[in-house]
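Values in this document were obtained by computation on a predicted structure and should not be read as measured data.
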Amino acid sequence: MADRSSALKIGIVGYGHLGQFLVERIQKEGPEVGLQLAFVWNRNSDKLKDSVPKELILSNLSDFTHRDTDVIVEVCHPQIVKEFGIRFLSHAHFLVGSPSALSDPELEQTLRTAAKEHGKTLYVASGALWGGQDIQRMNDNGNLRHPSCFRLTGGLLPDWTEGEGRWVLYHSSVAELCPTAPNNVNTMAAAAIAAATLGFCGVTGEIVSDTALADYHIVEVEVTRPDGFSVKTLRQNPAKLGVVRGNVTYNSFWSSLLVCKGHGGRVYLC
């Protein structure tokens with residue numbers, strides 16, 4: 001069992017399905033793996049009363065500075081990243097669970113600068129992205145190059161009415177997609193962050209609706225280098241109909257949390 005005094009103190013921002021999963025797991029397994037809850041915040045604090053100790057409930061998010069916190073984890077909405085990201089990094093390492101927020105180039109650069117200035121790390125949860133560290137290594141080695149941004153030739157979505165079959169709802173740059181569907185494209189956003197030289201404009205995203213996939217999500221990633229090298233992965237993630245995150249994504253976030261030990265003021269995909 002880890003020494004409680006040396007445990008990594010975690011602040012959880014958001015108490016939806018993912019936030020509940022992380023809070024419950026830290027409470028249950030935290031002492032064994034060196035994690036400890038510093039605070040939990042939710043827009044509706046009443047939701048926390050029966051499951052989170054009163055002393056750990058943060059009613060006003062701006063009061064996070066009064067808590068001894070090593071890592072702040074956002075698992076609620078991109079708007080929180082925009083409003084509090086810089087302040088979070090002035091106080092602790094910051095794990096972004098909604099990387100679609102970083103499709104705003106000004107915000108991304110501001111957060112990178114804040115992390116460097118304060119000696120903190122901006123973590124980006126890989127979530128359902130398989131092979132994200134490999135994409136990041138290719139980027140760091142200079143094996144990815146930036147193509148021209150795609151431009152839409154028509155409306156954002158094709159003429160489509162809900163029905164049976166497979167429909168491509170969107171195919172263009174992730175930069176244009178993130179503001180439209182911020183809660184549905186975080187896997188693509190994580191890939192764009194890993195391939196930093198391409199960025200959100202240089203990574204192409206596609207959203208497909210397929211009524212044959214009622215029990216799981218399909219995440220398909222293809223990475224191609226200028227020399228012809230190409231890797232294509234396909235991930236099938238069990239999920240209930242209508243939910244944003246597949247079942248395996250929860251454990252991926254837990255794994256991300258376990259590597260938050262500090263990496264010297266940079267952006268780190270975990």
Side chains of [X] and [Y] in contact at under 4.5 Å (non-hydrogen atoms):
{"X": "I72", "Y": "V13", "value": "yes"}
{"X": "T69", "Y": "I10", "value": "no"}
{"X": "W254", "Y": "L22", "value": "yes"}

Heavy-atom pair of closest approach, residues [X] and [Y]:
{"X": "E222", "Y": "S230", "answer": "OE2-OG, 3.6 Å"}
{"X": "S103", "Y": "S100", "answer": "OG-O, 2.9 Å"}
{"X": "G16", "Y": "K47", "answer": "CA-NZ, 4.1 Å"}
{"X": "A175", "Y": "P179", "answer": "O-CD, 3.2 Å"}
{"X": "F200", "Y": "P99", "answer": "CZ-O, 3.9 Å"}
{"X": "M188", "Y": "G205", "answer": "SD-CA, 3.7 Å"}

Go through the steps for L37 and Q27 under the test side-chain contact (heavy atoms from CB on, under 4.5 Å), then give the verdict. CA-CA 7 Å; L37 275 178; Q27 289 177 320; 3.7 Å; yes

Stepwise side-chain hydrogen bond (donor to acceptor under 3.5 Å, both in side chains) check, S45 with Y15: CA-CA 9 Å; S45 59; Y15 200 66; over 6 Å; no

Rounded to the nearest 0.5 Å, what's the gap from [atom1] on [X] to [atom2] on [Y]? Could you check?
{"X": "Q36", "Y": "D68", "atom1": "CD", "atom2": "CG", "result": "8.5 Å"}
{"X": "R87", "Y": "T65", "atom1": "CZ", "atom2": "OG1", "result": "9.0 Å"}
{"X": "T204", "Y": "E176", "atom1": "OG1", "atom2": "CD", "result": "10.0 Å"}
{"X": "L8", "Y": "L35", "atom1": "CG", "atom2": "CG", "result": "6.0 Å"}
{"X": "R67", "Y": "E55", "atom1": "CZ", "atom2": "CD", "result": "8.5 Å"}
{"X": "K120", "Y": "D70", "atom1": "NZ", "atom2": "CG", "result": "8.0 Å"}

ring-ring contact (aromatic ring centres under 6.0 Å, His included) contacts touching residues 20-76 (sequence neighbours left out): F21-Y250, F64-F88, F64-H91

Keeping the roles fixed (side chain from E74, backbone from C76), state whether a donor-acceptor pair exists under 3.5 Å.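 Between the backbone of C76 and the side chain of E74 there is a qualifying donor-acceptor contact (under 3.5 Å).
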
Please determine whether side-chain contact (heavy atoms from CB on, under 4.5 Å) holds for the pair L89 and L111, giving the CA-CA distance in whole Å, both sets of side-chain angles, and the decisive distance to 0.1 Å. CA-CA 8 Å; L89 285 167; L111 292 177; 4.0 Å; yes

Should E83 and Q79 be marked as a side-chain hydrogen bond (donor to acceptor under 3.5 Å, both in side chains) after you check the CA-CA gap, both sets of side-chain angles, and the distance that decides it? CA-CA 6 Å; E83 293 182 5; Q79 190 62 33; 3.1 Å; yes

Step by step, work out the side-chain contact (heavy atoms from CB on, under 4.5 Å) result for R43 and I80. CA-CA 11 Å; R43 193 174 300 276; I80 293 296; 4.2 Å; yes

Checking E24 against K28 for the salt bridge (Lys or Arg N to Asp or Glu O under 4.0 Å) test, could you report, in this order, the C-alpha distance in whole Å, the side-chain angles of both residues, the deciding distance, and whether it holds? CA-CA 6 Å; E24 291 172 6; K28 182 179 179 181; over 6 Å; no

Report the residues that fulfil side chain to side chain donor-acceptor pair (under 3.5 Å) with E206, sequence neighbours left out, ordered by chain and then residue number. H171

For a side-chain contact (heavy atoms from CB on, under 4.5 Å) check, start with the C-alpha distance between I12 and I26, then their side-chain angles and the critical distance, and finish with the verdict. CA-CA 10 Å; I12 302 294; I26 293 173; 4.3 Å; yes

